[in-house]
Protein chains: 2
Amino acid sequence: MLVDADVHAHGFRQARKARRLELVEDYLELISDLIASGGEARQVDIAARLGVAQPTVAKMLKRLAEDGLVSQKPYRGVFLTERGEELAKYARKRHQIVESFLLALGIEPETARRDAEGIEHHVSRETLEAFRRFAKKNKAR
Amino acid sequence: MLVDADVHAHGFRQARKARRLELVEDYLELISDLIASGGEARQVDIAARLGVAQPTVAKMLKRLAEDGLVSQKPYRGVFLTERGEELAKYARKRHQIVESFLLALGIEPETARRDAEGIEHHVSRETLEAFRRFAKKNKAR
DNA sequence: ATGCTAACATAGCTTGTGCTATAAGAAGTG
DNA sequence: CACTTCTTATAGCACAAGCTATGTTAGCAT
Ligand SMILES: [Mn+2]
Ligand SMILES: [Mn+2]
Ligand SMILES: [Mn+2]
Ligand SMILES: [Mn+2]
């Protein structure tokens, strides 16, 4: 009935790791989207979109900068480094695939958007590829 | 291009809420499984299965007990209250549906198991129902 | 050029989730 | 019944992510 304990633990460890990455991915994806859509990503806008307070964003950006994912020009918003850009691009693509997939399955658009926001971070490469194929075949509508 | 800011924020808030519930759900589901499979759920076994240290489990169990989800008989393991049982039952069913769905999609069993461990917590009722239907139609194998 | 306002920074607090080290106690075994 | 061992409890630490309150300062408008 129950799977082997070590295998079990490995699965949970993996899920916890994904959980730690969720926030980072959401930030990068959002920053990339904000820049693409309006030319800049200010802390206040990031905060408003994420639904958190501005100091929360400030702290996170500091961490992302330390990790070499973003750079900040004071009072000019935040920008993605090359590495940040790469991660953002992958995150956005993945998000888009998951959302299209849910739509192709017949899920309501609003629900699809919200579920995709969480699911995207827990989808392996293999599953993502399967989602992509399915979405392509059963074209949205 | 970008969705309305308030709608956006609402989606993220929802995802954060789900994230806070993830751990609780995993604990309850695991406790239920351990009891079903071996008659008891000890801290050490929970810890081994989750891949965390025993004091981490002890602390979490205290919280779950305060929240009325589990009860502890000293040195006899932990048990689910009625409410805990209900939540566990739903979590397990959901997990099972998500995993079957991934299998029906043609995902490798190991990958399906691991992805399901994360995805399960971010699936709305609507999406879960769609997964269930799909899995039923495209019977596993 | 001055002044206002909006954006950002900083301090200090809370809560959740993890850890190690160590004490204490139940339970099974001889 | 004593002893050993396995299980649980507790203390103390770290770090991530959130918050409010409050200072600073750049940019823009007058
Ligand atoms: Mn997301
Ligand atoms: Mn996303
Ligand atoms: Mn899980
Ligand atoms: Mn599960």
Side-chain angles (χ1 to χ4, degrees), chain A residues 5 9-31 34-35 38-67 69-79 117-118 121, chain B residues 5 9-31 34-35 38-67 69-79 117-118 121:
Chain A
H10 186 253
F12 279 118
R13 268 188 249 267
Q14 195 117 334
R16 278 201 301 278
K17 197 166 130 197
R19 220 180 308 161
R20 277 198 304 275
L21 264 175
E22 279 187 43
L23 245 203
V24 172
E25 293 174 341
D26 283 341
Y27 266 84
L28 296 179
E29 190 188 343
L30 176 57
I31 290 168
L34 281 172
I35 291 175
E40 57 176 21
R42 321 290 284 241
Q43 285 188 18
V44 275
D45 297 325
I46 298 172
R49 295 247 160 212
L50 290 178
V52 299
Q54 168 264 323
T56 301
V57 173
K59 201 192 289 185
M60 186 60 174
L61 290 181
K62 198 176 280 180
R63 217 183 93 202
L64 293 179
E66 274 164 15
D67 295 352
L69 295 169
V70 307
S71 66
Q72 304 187 69
K73 300 208 210 323
Y75 289 81
R76 290 270 144 156
V78 58
F79 299 87
E117 197 54 72
H121 310 282
Chain B
H10 186 253
F12 279 118
R13 268 190 249 267
Q14 196 117 335
R16 280 201 300 278
K17 197 166 131 197
R19 220 179 308 161
R20 277 198 303 276
L21 264 174
E22 279 187 43
L23 245 203
V24 172
E25 292 174 341
D26 283 340
Y27 266 84
L28 295 179
E29 189 188 346
L30 176 57
I31 290 167
L34 281 173
I35 290 174
E40 57 176 20
R42 321 292 282 251
Q43 285 187 17
V44 275
D45 298 325
I46 297 171
R49 295 245 160 214
L50 290 178
V52 300
Q54 168 264 322
T56 300
V57 173
K59 203 191 288 187
M60 185 62 174
L61 290 181
K62 197 176 281 182
R63 215 184 94 202
L64 293 178
E66 274 164 15
D67 295 352
L69 295 170
V70 307
S71 66
Q72 304 186 71
K73 299 210 209 326
Y75 291 82
R76 289 270 144 156
V78 57
F79 298 88
E117 197 54 74
H121 310 283

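Reckoned from all heavy atoms, side chains included, excluding hydrogens, waters and symmetry mates.
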Trainee: Within residues 46-60 of chain B, find the residues that approach DNA chain D with a heavy atom at under 4.0 Å, and present them sorted by residue number.
Mentor: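 Only B:Gln54, B:Pro55 qualify.
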Trainee: Quick one, A:Val24 and A:Asp67 - any side-chain contact, counting heavy atoms below 4.5 Å?
Mentor: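 Heavy-atom side-chain distance check fails, nothing below 4.5 Å.
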Trainee: Restricting both atoms to N or O, compile the protein contacts to nucleotides 25-30 of chain C shorter than 3.5 Å, with distance only.
Mentor:
none

Trainee: Quick one: B:Asp26 CG to C:dG18 P, roughly how many Å, whole number?
Mentor: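 So the two atoms are 10 Å apart, to the nearest Å.
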Trainee: Which pairs of donor and acceptor atoms, one on a side chain in residues 52-62 of chain B, lie under 3.5 Å apart (sequence neighbours left out)?
Mentor:
{"unit_1": "B:Gln54", "atom_1": "NE2", "unit_2": "B:Gln43", "atom_2": "OE1", "d": "3.1"}

Trainee: Quick check on D:dC6: is either OP1 or OP2 less than 4.0 Å from any side-chain nitrogen or oxygen of B:Arg42?
Mentor: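 For D:dC6, neither OP1 nor OP2 has a side-chain N or O of B:Arg42 closer than 4.0 Å.
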Trainee: Let me know, please, whether A:Arg13 or A:Asp45 comes out on the 5' side of the other along DNA chain C by nearest nucleotide.
Mentor: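 Comparing both residues, the 5'-ward one is A:Asp45.
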Trainee: Could you state the CZ-P distance from A:Arg19 to D:dG18, rounded to the nearest angstrom?
Mentor: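 Whole-Å distance recorded here is 14 Å.
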Trainee: Does A:Tyr75 have any side chain to side chain contact (heavy atoms under 4.5 Å, CB included) partners at least two apart in sequence or in another chain, and if so, which?
Mentor: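 With sequence neighbours excluded, A:Tyr75 shows a side chain to side chain contact (heavy atoms under 4.5 Å, CB included) to no residue whatsoever.
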Trainee: Contact class for B:Lys62 (heavy atom, under 4.0 Å): base, sugar-phosphate, or nothing?
Mentor: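 Here B:Lys62 touches the backbone only, sparing every base.
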Trainee: To the nearest Å, how far apart are A:Leu61 CG and C:dT10 P?
Mentor: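 A:Leu61 atom CG is separated from C:dT10 atom P by 13 Å.
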Trainee: What pair of heavy atoms forms the shortest contact from B:Leu28 to B:Leu64, and how long is it?
Mentor: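 Smallest interatomic distance, heavy atoms only, reads CD2-CD1, 4.4 Å.
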Trainee: B:Glu40 has an atom CD; how far is it from atom C1' of D:dC6, in whole Å?
Mentor: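 These atoms are roughly 12 Å apart.
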Trainee: Only pairs at least two apart or in different chains count here, so list each salt bridge (charged side-chain N to carboxylate O under 4.0 Å, His left out) that has a residue in residues 9-21 of chain B.
Mentor: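 Matches after skipping sequence neighbours: A:Glu22-B:Arg19.
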Trainee: List in chain and number order the residues that pass side chain to side chain contact (heavy atoms under 4.5 Å, CB included) with A:Ala48, two or more places apart in sequence or in another chain; answer none if no residue qualifies.
Mentor: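 Listed in chain order: nothing, the list is empty.
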Trainee: Can you list everything that forms a side chain to side chain contact (heavy atoms under 4.5 Å, CB included) with B:Ala15? Sequence neighbours excluded, please.
Mentor: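 Partners of B:Ala15 by the side chain to side chain contact (heavy atoms under 4.5 Å, CB included) criterion, ordered by chain and then number, come out as A:Glu117.
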Trainee: From NZ of A:Lys17 over to C1' of C:dG18, roughly how many Å is that when rounded to an integer?
Mentor: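 Rounding to the nearest Å, NZ of A:Lys17 and C1' of C:dG18 are 17 Å apart.
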Trainee: How many Å lie between CZ on B:Arg20 and C1' on D:dC19, as a whole number?
Mentor: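 That distance rounds to 13 Å.
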Trainee: Can you name the residues that form a side chain to side chain contact (heavy atoms under 4.5 Å, CB included) with A:Ala5, not counting sequence neighbours?
Mentor: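 Result, side chain to side chain contact (heavy atoms under 4.5 Å, CB included) vs A:Ala5: B:Arg49.
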Trainee: Find the distance A:Leu21:CG to D:dA16:P and express it as a whole number of Å.
Mentor: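 For the pair A:Leu21 CG and D:dA16 P, the rounded distance is 13 Å.
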Trainee: Please name all residues satisfying side chain to side chain donor-acceptor pair (under 3.5 Å) with A:Asp26, sequence neighbours left out, ordered by chain then number.
Mentor: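 Applying side chain to side chain donor-acceptor pair (under 3.5 Å) to A:Asp26 gives A:His121.
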Trainee: Counting only side-chain heavy atoms from C-beta out, which of D:dG18, C:dG18, C:dC8 sits nearest to A:Leu23?
Mentor: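 The answer is D:dG18, which lies nearest to the side chain.
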Trainee: Would you indicate, yes or no, if C:dC8 has its OP1 or OP2 atom less than 4.0 angstrom from a side-chain nitrogen or oxygen of A:Gln72?
Mentor: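 For C:dC8, neither OP1 nor OP2 has a side-chain N or O of A:Gln72 closer than 4.0 Å.
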Trainee: Report the distance from atom CD of A:Glu22 to atom P of D:dA16, rounded to the nearest whole Å.
Mentor: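 In whole Å, D:dA16 P lies 16 Å from A:Glu22 CD.
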